[in-house]
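Here's the structure, in structure tokens; my notes come after.
First the proteins, then the strands, lettered A, B, ... as listed; each starts at 1.
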Protein chains: 2
Amino acid sequence: MINTKLSVAIHILTMIATKSDTPITSDFIAGSVNTNPVVIRRISGQLKKAGLISAHVGKASFTLEKEPEEITILMVYQAVQTHDDLFSIHDNPNPHCWIGKNIQSTLDKTFQRAQRALEQELNNQTLADLIKNLSTNR
Amino acid sequence: MINTKLSVAIHILTMIATKSDTPITSDFIAGSVNTNPVVIRRISGQLKKAGLISAHVGKASFTLEKEPEEITILMVYQAVQTHDDLFSIHDNPNPHCWIGKNIQSTLDKTFQRAQRALEQELNNQTLADLIKNLSTNR
DNA sequence: GCATATGTAACCATTATAGTTACAACAAAA
DNA sequence: TTTTGTTGTAACTATAATGGTTACATATGC
């Protein structure tokens, strides 16, 4: 199962996107996510590196760098995920066995197709969509 | 990143599907996968439980229980995966914050759509397709 | 009986995650 | 200028999952 980083990252982004004029801190966000502020800062750092938000040392200044409509969930997913590949393939299969010799490239195609399907769906959903969905329950 | 269980499971199934009349053992499969026989038996046990193969104590008797055309990669995926959910959601978000209160159900919808896209793609590929792909490089 | 196979329990090393403390660097208010 | 508050990071920890391994009970068939 995939970790909760994407989950937390989206939570962070929605809080930044829906904040009023009063700035929010990692401490405040941590209170809503229910975790440690450092966990928030760790993930916000990745969102910053991906160009989705900005932040500044010493200031409570989290800001979206794009419109919510422009931020796809795929962008967030790719910002926080460490590995490019969703599936991993066992390494060093026996090259003297014809199956072992060719299984990796075959699996690679299969897994890439699956991953592409996932990513296309994530690409169809934006932060704005999520916030709208959230707001209906508000 | 997802573990290599699916990868190994598919390797096992292709070996069973393409074997000649001489039966194969977990030890032989392990030689092609390049791992320990117990790892093979652990995963073959899950495939057996899912009704994809049969095996018998004391005999080298791995056999497919369905035609390769009928075995989808989704079936294999679901046979070896421990968690039903692909993504996990951080728990206990603050119920006193309107975002924290509603984020879980919103994320749930988003993640389910993504997971469904992945599974639909896996459902479109069968073991027979993979073996055909493998054979072109044979 | 004996060699051989699967099924499974038990243990270990490695890795990733998530939480935590501590502190440097910086900003802004007092 | 001092003080308070904030981000960014390093370092450490507990926990869990994975994959490899040994050991052995149990069943098969020569």
Side-chain angles (χ1 to χ4, degrees), chain A residues 1-9 11-12 15-16 19 22-50 52-63 65 80-93, chain B residues 1-9 11-12 15-16 19 22-50 52-63 65 80-93:
Chain A
M1 186 153 59
I2 292 177
N3 53 49
T4 63
K5 280 185 203 163
L6 176 55
S7 172
V8 174
H11 194 143
I12 293 172
M15 291 205 72
I16 297 176
K19 75 169 159 53
T22 55
I24 54 176
T25 66
S26 62
D27 213 76
F28 180 71
I29 300 175
S32 175
V33 173
N34 186 35
T35 184
N36 193 290
V38 176
V39 173
I40 301 299
R41 292 203 286 271
R42 210 135 61 184
I43 293 176
S44 69
Q46 298 185 278
L47 297 175
K48 188 179 176 181
K49 197 189 277 182
L52 302 182
I53 66 173
S54 65
H56 302 283
V57 178
K59 292 167 64 180
S61 60
F62 289 114
T63 315
E65 283 294 293
V80 297
Q81 235 50 41
T82 34
H83 302 280
D84 287 345
D85 296 322
L86 179 61
F87 296 94
S88 36
I89 299 177
H90 57 287
D91 40 37
N92 304 321
Chain B
M1 186 155 59
I2 292 178
N3 54 49
T4 63
K5 280 186 204 164
L6 176 56
S7 173
V8 174
H11 195 143
I12 293 172
M15 292 205 72
I16 297 176
K19 76 170 158 51
T22 54
I24 54 177
T25 66
S26 62
D27 212 76
F28 180 71
I29 299 174
S32 175
V33 173
N34 187 34
T35 184
N36 192 288
V38 176
V39 173
I40 301 299
R41 295 204 284 270
R42 211 133 61 180
I43 294 177
S44 69
Q46 298 185 278
L47 298 175
K48 187 179 175 181
K49 198 189 276 181
L52 302 182
I53 66 172
S54 64
H56 301 283
V57 178
K59 292 166 65 179
S61 60
F62 288 114
T63 314
E65 284 293 295
V80 297
Q81 234 51 40
T82 34
H83 302 280
D84 286 345
D85 296 322
L86 179 61
F87 296 95
S88 37
I89 300 177
H90 58 286
D91 40 38
N92 304 321

(request) Could you tell me the separation between the CD1 atom of B:I16 and the CG atom of B:L52, rounded to the nearest 0.5 Å? (result) 9.5 Å
(request) Carefully, step by step, assess B:T35 and A:H90 under the rule side-chain contact (heavy atoms from CB on, under 4.5 Å). (result) CA-CA 9 Å; B:T35 184; A:H90 57 287; over 6 Å; no
(request) Hey, could you give me the CZ/CE distance between B:F62 and B:M15, rounded to the nearest 0.5 Å? (result) 11.0 Å
(request) Examine distances only and state if a side-chain atom of B:K48 and a backbone atom of B:A55 form a donor-acceptor pair shorter than 3.5 Å. (result) yes
(message) Does a side-chain N or O of A:K48 approach OP1 or OP2 of D:dG8 to a distance below 4.0 Å, or not?
(response) yes
(request) Write down the distance between CG (A:N92) and C1' (D:dG20), rounded to a whole number of angstrom. (result) 14 Å
(request) Under 4.0 Å between any heavy atoms, over every strand shown, what does B:F62 touch: base, sugar-phosphate, or nothing? Just pick one. (result) sugar-phosphate
(message) Side-chain N or O of B:T25 versus OP1/OP2 of C:dA5: is the shortest distance under 4.0 Å?
(response) no
(request) Kindly compute the distance separating CD1 (A:I43) from CD1 (A:I53), expressed to the nearest 0.5 Å. (result) 10.5 Å
(request) Take atom NE2 of B:H90 and atom C1' of C:dA18, then tell me their distance rounded to the nearest Å. (result) 13 Å
(request) To the nearest Å, give me how far apart CD (A:Q81) and P (C:dT17) are. (result) 8 Å
(request) Mind calculating the distance between CD (A:Q46) and P (C:dA16) to the nearest angstrom? (result) 14 Å
(request) Could you tell me whether the phosphate oxygens of D:dT18, OP1 or OP2, come under 4.0 Å of any side-chain nitrogen or oxygen in B:K5? (result) yes
(request) Find the bend of the helix from C:dG1-D:dC30 to C:dA30-D:dT1 as the angle between its two terminal axes (five pairs each), to the nearest 10°. (result) 0°
(message) With rounding to the nearest 0.5 angstrom, report the OG1 to CZ distance, A:T4 to B:F87.
(response) 12.0 Å
(message) Tell me the interatomic distance from B:L47, atom CG, to C:dG7, atom C1', rounded to whole angstroms.
(response) 14 Å
(request) Would you sort out whether A:Q81 and A:L86 count as a side-chain contact (heavy atoms from CB on, under 4.5 Å), showing the intermediate values? (result) CA-CA 9 Å; A:Q81 235 50 41; A:L86 179 61; over 6 Å; no
(message) From CD1 of A:I53 over to P of D:dT7, roughly how many Å is that when rounded to an integer?
(response) 10 Å
(request) Output the distance between atom CD (A:E65) and atom CG (A:L47), rounded to the nearest 0.5 Å. (result) 12.0 Å
(message) Closest approach to the side chain of B:N3, judged atom by atom: which nucleotide of C:dA5, D:dG19, C:dA16 is it?
(response) D:dG19
Hey, can you pull the donor-acceptor pairs under 3.5 Å for the side chains in residues 25-32 of chain B, sequence neighbours left out?
| residue | atom | partner | partner atom | Å |
| --- | --- | --- | --- | --- |
| B:T25 | OG1 | B:D27 | N | 3.3 |
| B:T25 | OG1 | B:F28 | N | 3.0 |
| B:S26 | OG | B:R41 | NH1 | 3.0 |
| B:S32 | OG | B:H11 | NE2 | 2.8 |

(message) If I take atom CD1 in residue A:I12 and atom C1' in nucleotide C:dA18, what distance separates them, rounded to the nearest angstrom?
(response) 13 Å
(message) I need the CG-P distance between A:N36 and C:dT17, as an integer number of Å.
(response) 17 Å
(message) B:S44: which residues meet the side chain to side chain donor-acceptor pair (under 3.5 Å) condition with it, sequence neighbours left out?
(response) none
Polar atom pairs (N or O), protein with nucleotides 8-10 of chain C, under 3.5 Å:
| residue | atom | partner | partner atom | Å |
| --- | --- | --- | --- | --- |
| C:dA10 | N6 | B:R42 | NH1 | 3.4 |

(message) Please give me the minimum heavy-atom distance between A:Q46 and A:V80, naming the atom from each residue.
(response) NE2-O, 3.8 Å
(request) Please check the phosphate of C:dG19 (OP1 and OP2 only) for any side-chain N or O of A:T35 closer than 4.0 Å. (result) yes
(request) Can you sort out the partners of B:T63 under side-chain contact (heavy atoms from CB on, under 4.5 Å), two or more places apart, ordered by chain and number? (result) B:S54
Scan nucleotides 26-29 of chain D against the protein and return all N/O pairs shorter than 3.5 Å with their distances rounded to 0.1 Å.
none

(request) Verify the contact: side-chain N or O of B:T4 to OP1 or OP2 of D:dG19, cut-off strictly under 4.0 Å; return yes or no. (result) yes
(request) Return the nearest nucleotide to the side chain of A:A55; candidates are C:dG19, D:dG8, D:dT6. (result) D:dG8
